[in-house]
2 protein chains.
Amino acid sequence: MPGGHQWRHRFRENACRWTMPREVILDVLSRASRHMSAKEIYASLYAACPGTGLTTVYRTLELLQRLGFVRKFDAGDGQSRYELRGEGTQDHHHHLICTRCGKIIDFRDFIEEELELVKKTEDALAKKHNFQILDHNIEFLGLCDKCR
Amino acid sequence: MPGGHQWRHRFRENACRWTMPREVILDVLSRASRHMSAKEIYASLYAACPGTGLTTVYRTLELLQRLGFVRKFDAGDGQSRYELRGEGTQDHHHHLICTRCGKIIDFRDFIEEELELVKKTEDALAKKHNFQILDHNIEFLGLCDKCR
DNA sequence: TTGTTATTGATAATCATTTTCATTTATAAT
DNA sequence: ATTATAAATGAAAATGATTATCAATAACAA
């Protein structure tokens, strides 16, 4: 419910209806931990909106991604993961992934330097390959504390 | 056949047998384009080694990845892609991916700056989270020439 | 209140990848 | 060279994530 009105408004702007499953999925995404898989989200849904199908979860996530509200990424295991994307650069982060147990850690270190390099690379690449670059990912792979 | 002896030797060192499917898969990987999916590799195999099963392709790729000869990555469509990893830093590269048509472009620009930043970040992250970092990926997502 | 149309949920279908298991084959030992 | 053995293979079935189908439902503009 908190912030619900803003979402509702952003949905309306895009000619999308504001429904219970969508509200609840957004709520789960905003309050629960990051990096949730479709199935995890589906499982978290039962309390607030029982009967919601896994199909709807996938469809909603696809919509949210298309509207730019959610970022989808792959952490190496066979399933996609989803996280709400914040507004400003304070939310900009990347992932540190344990290739053995799948643990994911967000990091925001060196964002300034990163953005500088990324911007430079992005400009050069965009020009060189005539690409319109919309996003980027940086991830580190390795073994976590417990798995090393 | 060219370079086959080196591979054979590297396999032996790891107590792995040197078989026809493995030789042919390595050959395909080394001569064909990068970013091949399992099915593409499988399709390229017929001429040199008909009868090779898709299962064997997957198993071989898994082995090659485990031995560190091949890098597996995900380009956003539902399938994994594989590429031979070269030795030195001259082979170090990353990907520019078109999210609409799936086109993948390698880039090596700004590798020096990148490695510097990456090294710094890596050290800090490794210490901070007690992670043993083994690899990293940087990818840019956007629309290619034809799709924009 | 009503009509239109997007959205939903159950089910089935798809697609990549993995497992199973009997058969074959590389290779070390004889 | 022959043989024994464990690794590797291939066919087929199983799995698991994601997508398509379609009739029923619900949001919301009029």
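In what follows, chains are A, B, ... by sequence order, proteins preceding strands, each numbered from 1.
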In this structure, how many angstroms lie between the [atom2] atom of [N] and the [atom1] atom of [X], rounded?
{"X": "Arg66(B)", "N": "dA7(D)", "atom1": "CZ", "atom2": "P", "result": "12 Å"}
{"X": "Leu26(A)", "N": "dT7(C)", "atom1": "CG", "atom2": "P", "result": "14 Å"}
{"X": "Glu62(A)", "N": "dT7(C)", "atom1": "CD", "atom2": "C1'", "result": "14 Å"}
{"X": "Leu61(B)", "N": "dT9(D)", "atom1": "CG", "atom2": "C1'", "result": "15 Å"}
{"X": "Tyr42(A)", "N": "dA10(C)", "atom1": "OH", "atom2": "C1'", "result": "10 Å"}
{"X": "Asp74(B)", "N": "dT18(D)", "atom1": "CG", "atom2": "P", "result": "11 Å"}
{"X": "Tyr46(A)", "N": "dG9(C)", "atom1": "OH", "atom2": "C1'", "result": "14 Å"}
{"X": "Asp77(B)", "N": "dT18(D)", "atom1": "CG", "atom2": "C1'", "result": "13 Å"}

side-chain contact (heavy atoms from CB on, under 4.5 Å) evaluation trace for Glu23(A) with Trp18(A): CA-CA 7 Å; Glu23(A) 175 169 354; Trp18(A) 183 244; 3.4 Å; yes
Atom CD of Glu62(B) with >12 non-hydrogen neighbours under 6.0 angstrom: yes
Arg22(B) charged N/C atom sitting above Phe11(B) aromatic ring, 6.0 Å / 45°: no
Any heavy-atom pair between the side chains of [Y] and [X] that's under 4.5 Å?
{"X": "Phe107(B)", "Y": "Thr121(A)", "result": "yes"}
{"X": "His93(B)", "Y": "Ile111(B)", "result": "no"}
{"X": "Tyr82(A)", "Y": "Met36(A)", "result": "no"}

Between the protein and nucleotides 25-27 of chain D, which nitrogen or oxygen pairs come in under 3.5 angstrom?
residue, atom, partner, partner atom, Å
dA27(D), N3, Arg17(A), NH1, 3.2

Nearest atoms (heavy-atom pairs only) where Thr56(A) meets Pro21(A): CG2-CB, 3.9 Å
Would you tabulate the pairs of protein nitrogen or oxygen atoms and nucleotide nitrogen or oxygen atoms of nucleotides 10-14 of chain D closer than 3.5 angstrom?
residue, atom, partner, partner atom, Å
dG10(D), OP1, Gly51(B), O, 3.4
dG10(D), OP2, Gly53(B), N, 3.2
dG10(D), OP2, Thr56(B), OG1, 2.5
dG10(D), N7, Arg59(B), NH2, 2.5
dG10(D), O6, Arg59(B), NH1, 3.1
dG10(D), O6, Arg59(B), NH2, 3.4
dA12(D), N6, Thr55(B), OG1, 3.2

Review item, side-chain donor-acceptor pairs of residues 99-106 of chain A, under 3.5 Å, at least two apart:
residue, atom, partner, partner atom, Å
Thr99(A), OG1, Gly142(A), O, 3.4
Arg100(A), NH1, Cys147(A), O, 2.7
Asp106(A), OD1, His35(A), NE2, 2.6
Asp106(A), OD1, His95(A), ND1, 3.2

Test applied, side chain to side chain contact (heavy atoms under 4.5 Å, CB included); reference residue, Leu45(A); option that passes from Asp27(A), Thr52(A), Leu54(A): Thr52(A)
Please list each protein N or O that sits under 3.5 Å from an N or O in nucleotides 14-17 of chain C, with the distance.
residue, atom, partner, partner atom, Å
dA16(C), OP1, Lys39(B), NZ, 3.0
dA16(C), OP2, Lys39(B), NZ, 2.6
dT17(C), OP1, Ser80(B), N, 2.9
dT17(C), OP1, Ser80(B), OG, 3.3
dT17(C), OP2, Tyr58(B), OH, 2.3
dT17(C), O5', Tyr58(B), OH, 3.2

Which residue lies more 5' along DNA chain C, comparing Cys16(B) with Cys16(A) via nearest heavy atoms: Cys16(A)
Show me the donor-acceptor pairs within less than 3.5 Å that the side chains of residues 124-139 of chain B make with the rest of the protein, sequence neighbours left out.
residue, atom, partner, partner atom, Å
Lys128(B), NZ, Asp109(A), OD2, 3.1
Asn130(B), OD1, Arg148(A), NH1, 2.9
Asn130(B), ND2, Asp145(A), OD1, 2.6
Asp135(B), OD1, Arg71(B), NH2, 3.3
Asp135(B), OD2, Arg71(B), NH1, 3.3
Asp135(B), OD2, Arg71(B), NH2, 3.4
Asp135(B), OD2, Arg85(B), NH2, 3.2
His136(B), NE2, His92(B), NE2, 3.4
His136(B), NE2, His94(B), NE2, 3.4
His136(B), NE2, Glu114(B), OE2, 2.8
Asn137(B), OD1, Arg71(B), NH1, 2.9
Asn137(B), ND2, Glu139(A), OE2, 3.1
Glu139(B), OE2, Asn137(A), ND2, 3.1

For Thr55(A), side chain to side chain contact (heavy atoms under 4.5 Å, CB included) partners two or more places apart: Arg59(A)
